[in-house]
Amino acid sequence: MKTLSTKTGFMIFLSLIIGITSCKKDDPTENIENSALKSNSEKTFYGPAVPLGNGIAQAWVSEDRQGNPLAIGIKLSEKALENLPDEMSMHVLQFPHQASTNFYTHATVDWNPGGHEPPGTYDLPHFDFHFYTISEEERMMIGPPGAPEFTIAPASQYIPLNHIMIPGGIPQMGSHWIDLTSPEFNGQDFSRTFIWGSWDGSFIFWEPMITLDYFMSMPDETIPIPQPQAYQNDGWYASDYQITYSTRPNEYNIALVNLNYFDGE
């Protein structure tokens, strides 16, 4: 997520939610070195590098011997966190042509130096990592502000438990779904969270949001992703996401891992 004038209801809505819930106590074929992916993965392919800070960002796909995707992710070189701009920026990442999930199409990295609303929750410097299942051309057509498609929710069986759609929507992105059981809505500071995104009644992206401070802690964490009762479209869905720091080489990886194929209903 990032701040836009179309999200005027965002601050009020999430402030109410917080009040309610607080009452409840490189080489393109190089294998990733530091995560659980290495033991299961046969090969990892990287897409084109994009400059970020003093380093680079790259999207990648990890496959088994049969060419099935095991994980997808975004690599940030360590220096990518240096000399970041003082204003918001977005970078589009392409997945490698050597590998394809036939599901995820592209990714984006959004840098939010001042965070965004509501105050006291997401107003820390952080990154938004979007993994899209629609084409870049389709994403660019999302909008305009106030379009009725932003308010159309997927059917209930496709929505994970405890997830709600926040008011408003962002052109060229979509509507955002938050998990009310996330730490930042239950008395803890925001460090990392996971958001679902929709447009016109379909989920179209998955989004880890991660603070700069959390990256600086050199994390190694795998977090379960709440799952719905059913899936709208045929595809490879992650049961977990992973945030890791490696010293060989010095880099961070943000990944959707343990991909499993499900038929859409």
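Note that the structure is a prediction, hence the values are computed from the model and not measured.
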K.L.:
What do the steps show when you test S175 against W199 for side chain to side chain donor-acceptor pair (under 3.5 Å), and what is the final call?
P.N.:
CA-CA 6 Å; S175 299; W199 166 251; over 6 Å; no

K.L.:
Determine the minimum heavy-atom distance between F215 and I243, stating which atoms define it.
P.N.:
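Nearest pair, atom of F215 first, then I243: CE2-CG2, 4.1 Å.
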
K.L.:
Find the distance between CG (L52) and CD (E82) and round it off to the nearest 0.5 Å.
P.N.:
11.0 Å

K.L.:
Please enumerate all residues that pass side chain to side chain contact (heavy atoms under 4.5 Å, CB included) together with D123, with sequence neighbours excluded.
P.N.:
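Per chain and number, D123 pairs via side chain to side chain contact (heavy atoms under 4.5 Å, CB included) with P119.
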
K.L.:
With heavy-atom distances below 4.5 Å as the criterion, would you say the side chains of I159 and W177 are in contact?
P.N.:
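Side-chain contact under 4.5 Å: yes.
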
K.L.:
Given W236, which partner from the list F103, W206, Y104, Y261 fulfils the ring pair (Phe, Tyr, Trp, His ring centres under 6.0 Å) test?
P.N.:
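The residue from F103, W206, Y104, Y261 that satisfies ring pair (Phe, Tyr, Trp, His ring centres under 6.0 Å) with W236 turns out to be Y261.
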
K.L.:
Would you call the rings of Y122 and H126 parallel, tilted or perpendicular, where under 30° means parallel and over 60° means perpendicular?
P.N.:
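Taking H126 first and then Y122, their aromatic rings sit tilted (interplane angle of 30° to 60°).
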
K.L.:
Given side chains that start at C-beta, do those of Q242 and I254 come closer than 4.5 Å, heavy atoms only?
P.N.:
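Sidechains of I254 and Q242: no contact.
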
K.L.:
Which pair of heavy atoms, one from P171 and one from F150, lies closest together, and at what distance?
P.N.:
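Minimum heavy-atom separation between P171 and F150: N-CZ, 3.8 Å.
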
K.L.:
Taking C-beta and beyond as the side chain, do E265 and Y158 meet within less than 4.5 Å on heavy atoms?
P.N.:
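When only atoms from C-beta onward are counted, Y158 and E265 do touch, with a gap below 4.5 Å.
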
K.L.:
Nearest 0.5 Å please: distance from the CE atom of M90 over to the CD atom of Q172.
P.N.:
7.0 Å

K.L.:
Considering the options Y245, Y241, Y214, which one meets the side chain to side chain donor-acceptor pair (under 3.5 Å) requirement together with E221?
P.N.:
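In the set Y245, Y241, Y214, the residue that makes a side chain to side chain donor-acceptor pair (under 3.5 Å) with E221 is Y214.
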
K.L.:
Is the count of non-hydrogen atoms from other residues, nucleotides or ligands lying under 6.0 Å from D189 atom CG greater than 12?
P.N.:
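For D189, atom CG is not crowded (no more than 12 foreign heavy atoms under 6.0 Å).
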
K.L.:
Measure from NZ or CZ of K75 to the centre of the six-membered ring of Y46, then state whether that distance is under 6.0 Å and the direction lies within 45° of the axis.
P.N.:
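Yes; both conditions hold, so K75 lies above the ring face of Y46.
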
K.L.:
Does any part of the side chain of I178, heavy atoms only, come nearer than 4.5 Å to the side chain of I164, both counted from C-beta?
P.N.:
yes

K.L.:
Verify side chain to side chain donor-acceptor pair (under 3.5 Å) between W60 and N253, making sure each step is shown before the conclusion.
P.N.:
CA-CA 10 Å; W60 54 262; N253 276 283; 2.8 Å; yes

K.L.:
Under 3.5 Å, is there a donor-acceptor pair between the side chain of Q232 and the main chain of F203?
P.N.:
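Flag set: sc Q232 to bb F203 pair under 3.5 Å.
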
